[in-house]
Amino acid sequence: MATLRIATWNINSVRLRRPLLAELVAALDPDVLCLQETKCPDELFPLEEIRAQGFPHIAHRGMKGYNGVAVLSRIPFEIRHDDPNWCSKGDCRHLGVALDVPGGPIELHDFYVPAGGDTPDREVNPKFAHKLDFVAEATAWTRSRGPARRSVLVGDLNIAPCEHDVWSHKQMFGVVSHTPVEVEALTGWQAAGEWHDALRHFVPSDQKLYTWWSYRAKDWEASDRGRRLDHVWVSGDLAGTLSRHQVLKPARNWPQASDHVPVMVELAL
DNA sequence: ATGGTGGGGAACCCA
């Protein structure tokens, strides 16, 4: 294979938005698509419909009502079964696979980091504490494995680390997703694996870059108060293969849109 | 300071 296209999307209910996957495939043509917030118990996952949309290889880890991740693939893979049970909660926020590609397997990790609630104070807000604990655990795990090699990490990390990953660095300073403690935690995680930020590889750090716009805006496009919550990281040895990227902003205007848009990165292997 | 809009699934939980 000449290229490997990996996409990630917080689909916010795989059953409700499963028809939109055809739009995504038409626009991005991904070899592998990682989903978050599938909100679907495993026994109800729409396996056959998604296979029919061109993804014969599917892994899903879901639960009733909340969370849930899935990997949809044209390429065979093996599910990793020995990854941590994050914060001992068993709450379906991570799925790791080994993609069977020429040149040896590529590890792919699909993460859905806790959103963290409204108050950025771990003493009064257990959701914020969970978010920080989750990232701390992931960082320790990453560090224990050494610098990432032939690996890609994607997902809704629910943190916008850079100044221009939010519409206003000043006004977002105290808002969960862009507080200094979260930014420090995320950049520490990234550093622990020597990961490369694939989207910022393509988009200069002085340019705005968003993947999420709130449902609560009267006109999301006019106000454009977005955040970059969705990420693609690649290991150092793959950074030189980064050949293309796409943030599918038009998806925010699809009927019954998710509040996140799909993001795609292409590797020239 | 507040509430704004969604999804899940049947009262509030979560984002």
Side-chain angles (χ1 to χ4, degrees), chain A residues 8-21 23-24 34-47 49-50 60-70 86-87 89-95 110-122 124-135 154-161 165-168 170-179 182 185-186 210-231 248-263:
Chain A
T8 177
W9 188 28
N10 180 320
I11 194 171
N12 188 16
S13 172
V14 68
R15 282 174 288 177
L16 186 71
R17 283 184 244 285
R18 195 257 312 153
L20 294 180
L21 291 176
E23 306 297 323
L24 188 156
C34 296
L35 301 177
Q36 305 87 36
E37 281 207 270
T38 54
K39 296 183 174 177
C40 181
D42 285 334
E43 62 273 20
L44 298 178
F45 196 88
L47 264 184
E49 294 94 323
I50 289 176
H60 49 84
R61 187 168 288 162
M63 59 196 286
K64 184 179 161 76
Y66 317 107
N67 306 331
V69 286
W86 305 101
C87 302
K89 285 179 176 286
D91 57 359
C92 306
R93 294 181 176 275
H94 172 229
L95 191 50
D110 179 11
F111 274 97
Y112 174 51
V113 171
D118 292 328
T119 306
D121 179 349
R122 68 176 305 143
V124 302
N125 175 11
K127 293 179 186 175
F128 195 70
H130 178 211
K131 182 178 198 172
L132 295 181
D133 290 348
F134 187 101
V135 175
V154 308
D156 176 5
L157 305 186
N158 265 317
I159 297 172
D165 291 344
V166 292
W167 63 277
S168 166
K170 256 188 197 171
Q171 295 186 70
M172 288 290 298
F173 195 74
V175 176
V176 171
S177 73
H178 194 62
T179 62
E182 290 169 272
L186 193 73
Y210 312 139
T211 64
W212 174 91
W213 292 262
S214 173
Y215 281 128
R216 295 175 186 174
K218 284 194 180 75
D219 182 338
W220 73 272
E221 208 162 10
S223 57
D224 198 25
R225 295 187 169 190
R227 308 178 195 175
R228 183 168 73 112
L229 303 180
D230 303 277
H231 297 267
L248 197 61
K249 189 171 175 182
R252 189 61 182 76
N253 274 331
W254 286 346
Q256 283 197 299
S258 167
D259 45 355
H260 295 252
V261 300
V263 168

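Throughout, a chain's letter reflects where its sequence line sits, starting with A, and its residues are numbered from 1.
As rounded to whole Å, 17 Å separates atom P of B:dC14 from atom CG of A:D156. Taking atom NZ of A:K218 as the reference point, atom C1' of B:dT2 lies 12 Å away to the nearest angstrom. Taking atom CD on A:E221 and atom P on B:dT5, their separation rounds to 18 Å, with Å as the unit. For A:F45 and B:dG8, the CZ to P distance is 14 Å, given to the nearest whole Å. In this structure, CG of A:D259 is placed 12 Å from C1' of B:dC14, rounded to the nearest angstrom. The distance between atom CG of A:L44 and atom P of B:dG7, rounded to the nearest whole Å, is 18 Å. Spacing between atom CZ of A:R17 and atom P of B:dG8 amounts to 7 Å, rounded to whole angstrom units. Whole-Å rounding puts the A:E37 CD to B:dG9 C1' distance at 16 Å.
Ring geometry for A:H94 versus A:F111: interplanar angle under 30°, hence parallel rather than tilted (30 to 60°). Taking the six-membered ring for Trp and thresholds of 30 and 60 degrees, A:F134 and A:W86 have ring planes inclined between 30 and 60 degrees apart.
A donor-acceptor contact under 3.5 angstrom links the side chains of A:D230 and A:T211, judged on distance only. No donor-acceptor contact under 3.5 angstrom links the side chains of A:E182 and A:S177, judged on distance only.
Spacing between B:dA15 and B:dG3 at atom C1', rounded to whole Å, works out to 15 Å. To the nearest whole angstrom, the two P atoms, one in B:dC14 and one in B:dG9, are 14 Å apart. Taking atom C1' on both B:dA11 and B:dG7, the two are 15 Å apart, rounded to the nearest angstrom.
At the phosphate of B:dA15, OP1 or OP2 sits under 4.0 Å from a side-chain N or O atom of A:K127.
Comparing A:V14 and A:A217, the nucleotide of DNA chain B nearest to each residue sits closer to the 5' end for A:A217.
Taking every side-chain heavy atom of A:Y215 into account, B:dT5 is the closest of B:dG8, B:dC14, B:dT5. Listed nucleotides: B:dC14, B:dG4, B:dA10. Nearest to the side chain of A:R216: B:dG4. Checked against B:dA15, B:dC13, B:dG9, the side chain of A:Y66 finds its nearest nucleotide in B:dC13.
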Steps toward side-chain contact (heavy atoms from CB on, under 4.5 Å) verdict (A:R225, A:S214)
CA-CA 8 Å; A:R225 295 187 169 190; A:S214 173; over 6 Å; no
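The residue A:K64 sits close only to the backbone: its heavy atoms come under 4.0 Å of sugar-phosphate atoms, none of a base.
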